[in-house]
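Working notes for the structure below.
Please read these numbers as outputs of a predicted model, since none were measured by experiment. Quick note: numbers below take in every heavy atom, side chains included, and nothing from hydrogens, waters or symmetry partners.
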Amino acid sequence: MRTYLKWILLLACFFELTSCTSLSHQQSAPTQNQTAIPENRVTVLSNIKSWDLKGLIAIRNAKDAWSANWQWTQNPKDYTINLVGPLGSQSIQLTGSPHSVQLETSDGKKFQSDSPESLLEKQLGWRLPVSSLYYWIRGLPVPSLPAEKQFDSANRLTVLVQQGWRIEYLRYSTVNQIDLPGKMVLNNALLNVKIIVNEWKIKR
């Protein structure tokens, strides 16, 4: 019962988008109209190729809503994303490399594709932009693609519009003297995605 109540409290905190991260964080200042992230910040963020992060994610469309604890382990050539629903239910593991992606469900079923987006859409019914999140989760736009951007006084993204998605960066966390996203909301015509990162670990 205590575990169940703990989950309910965490989920309530998450959906209200209150401050429930364990990392030191900085609130975003009012946005400024700018056109580009300073080169030094782009370089620092782009050089982060490997990480472990943990937090909460909620995905909602017109018919369904789903929430989970999530963990993302990123290496230079592969990644693993684990999603675990309340009380350990509905667990999903997404494992990807440059040429293949595998999804494994809690009942042991495995599915493969060359695209994480098409695999998630086919098996789960929602098209999460995993390939773009590789950049967005670090506070970067996808390179060489059109984007609209707004920044705060510290030159951190506060709003990014790209590939049909609007990404709002609601909070940053300071990790190894680098400001990384701690709370994000993503919206397109079909999905609303809320992301909280409670723990960032940058791997060297």
Side-chain angles (χ1 to χ4, degrees), residues 17 21 23-59 70-83 94-98 101 115-117 120 126-188 191-204:
L17 291 176
T21 181
L23 293 174
S24 63
H25 61 269
Q26 303 171 12
Q27 295 294 338
S28 297
T31 58
Q32 302 176 343
N33 290 324
Q34 301 176 15
T35 59
I37 305 173
E39 288 186 14
N40 60 333
R41 179 160 170 80
V42 171
T43 299
V44 169
L45 295 177
S46 298
N47 284 337
I48 300 173
K49 308 282 188 188
S50 301
W51 63 78
D52 284 311
L53 64 80
K54 297 178 182 179
L56 298 168
I57 186 169
I59 302 168
W70 77 316
Q71 180 175 356
W72 182 348
T73 299
Q74 178 72 45
N75 298 308
K77 294 184 178 180
D78 58 70
Y79 63 85
T80 300
I81 298 175
N82 288 294
L83 305 172
L94 189 68
T95 305
S97 63
V101 182
S115 162
E117 289 80 14
L120 288 170
W126 29 265
R127 192 175 183 87
L128 191 66
V130 176
S131 301
S132 297
L133 270 173
Y134 172 75
Y135 297 96
W136 297 344
I137 199 68
R138 290 176 285 166
L140 288 169
V142 179
S144 303
L145 292 179
E148 299 177 20
K149 302 178 283 289
Q150 292 181 13
F151 301 83
D152 63 13
S153 59
N155 297 313
R156 304 171 303 191
L157 277 172
T158 55
V159 177
L160 172 64
V161 180
Q162 191 172 46
Q163 294 182 290
W165 287 88
R166 177 183 173 88
I167 304 99
E168 297 181 50
Y169 293 88
L170 304 179
R171 186 177 66 225
Y172 281 83
S173 300
T174 302
V175 184
N176 297 352
Q177 299 183 326
I178 303 170
D179 290 341
L180 292 169
K183 184 184 294 184
M184 304 164 58
V185 177
L186 297 79
N187 287 283
N188 71 0
L191 282 182
N192 172 273
V193 182
K194 298 178 182 180
I195 291 173
I196 285 178
V197 181
N198 290 324
E199 181 180 343
W200 266 105
K201 289 184 179 179
I202 300 172
K203 300 190 293 184
R204 302 296 181 181

Criterion side chain to side chain contact (heavy atoms under 4.5 Å, CB included) on Ile137 and Val197, from CA distance to verdict:
CA-CA 9 Å; Ile137 199 68; Val197 181; 4.3 Å; yes
Chi angles and distances behind the side chain to side chain contact (heavy atoms under 4.5 Å, CB included) call for Ile202, Leu180:
CA-CA 10 Å; Ile202 300 172; Leu180 292 169; 3.8 Å; yes
What verdict does the side chain to side chain contact (heavy atoms under 4.5 Å, CB included) test give for Trp136 and Val142, after you've listed the backbone C-alpha separation in whole Å, the side-chain angles of each residue and the deciding distance to 0.1 Å?
CA-CA 7 Å; Trp136 297 344; Val142 179; 3.7 Å; yes
Derivation of the side chain to side chain contact (heavy atoms under 4.5 Å, CB included) call for Ile195 and Leu133
CA-CA 11 Å; Ile195 291 173; Leu133 270 173; 4.2 Å; yes
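Residue Trp70 holds its CH2 atom at 11.0 Å from CG of Asn198, rounded to the nearest 0.5 Å. Atom CZ of residue Arg166 and atom CG of residue Asn188 lie 13.0 Å apart, to the nearest 0.5 angstrom.
There is no side-chain donor-acceptor pair under 3.5 Å between Glu168 and Thr158. With hydrogens and angles left out, the side-chain atoms of Asp52 and Thr73 include a donor and acceptor closer than 3.5 Å. In this model, a donor atom of one side chain and an acceptor atom of the other lie less than 3.5 Å apart for Ser132 and Gln163.
Using modelled atom types, one side-chain atom of Asp152 and one backbone atom of Ala154 make a donor-acceptor pair closer than 3.5 Å. Between the Gln71 side chain and the Ile81 main chain, no donor and acceptor come within less than 3.5 Å of each other.
For NZ of Lys201, the number of neighbouring non-hydrogen atoms (other residues, nucleotides, ligands) closer than 6.0 Å is 12 at most.
By the side-chain contact (heavy atoms from CB on, under 4.5 Å) test, Arg41 pairs with Ile37, Leu45, Arg156, Tyr172, Asp179, sequence neighbours left out. Checked against salt bridge (charged side-chain N to carboxylate O under 4.0 Å, His left out), Lys49 has no partners two or more places apart in sequence or in another chain.
Of the listed residues (Tyr79, Trp51, Trp72), just one forms a ring pair (Phe, Tyr, Trp, His ring centres under 6.0 Å) with Tyr134, and that residue is Trp51.
Here the shortest heavy-atom pairing between Gln162 and Ala147 reads NE2-CB, 3.7 Å. When every heavy atom of Pro181 is checked against every heavy atom of Arg138, the shortest pair comes out as CD-C, 3.7 Å.
For the pair Arg171 and Tyr169, the cation does not sit on the ring face, since its NZ or CZ is not both under 6.0 Å from the ring centre and inside 45° of the axis.
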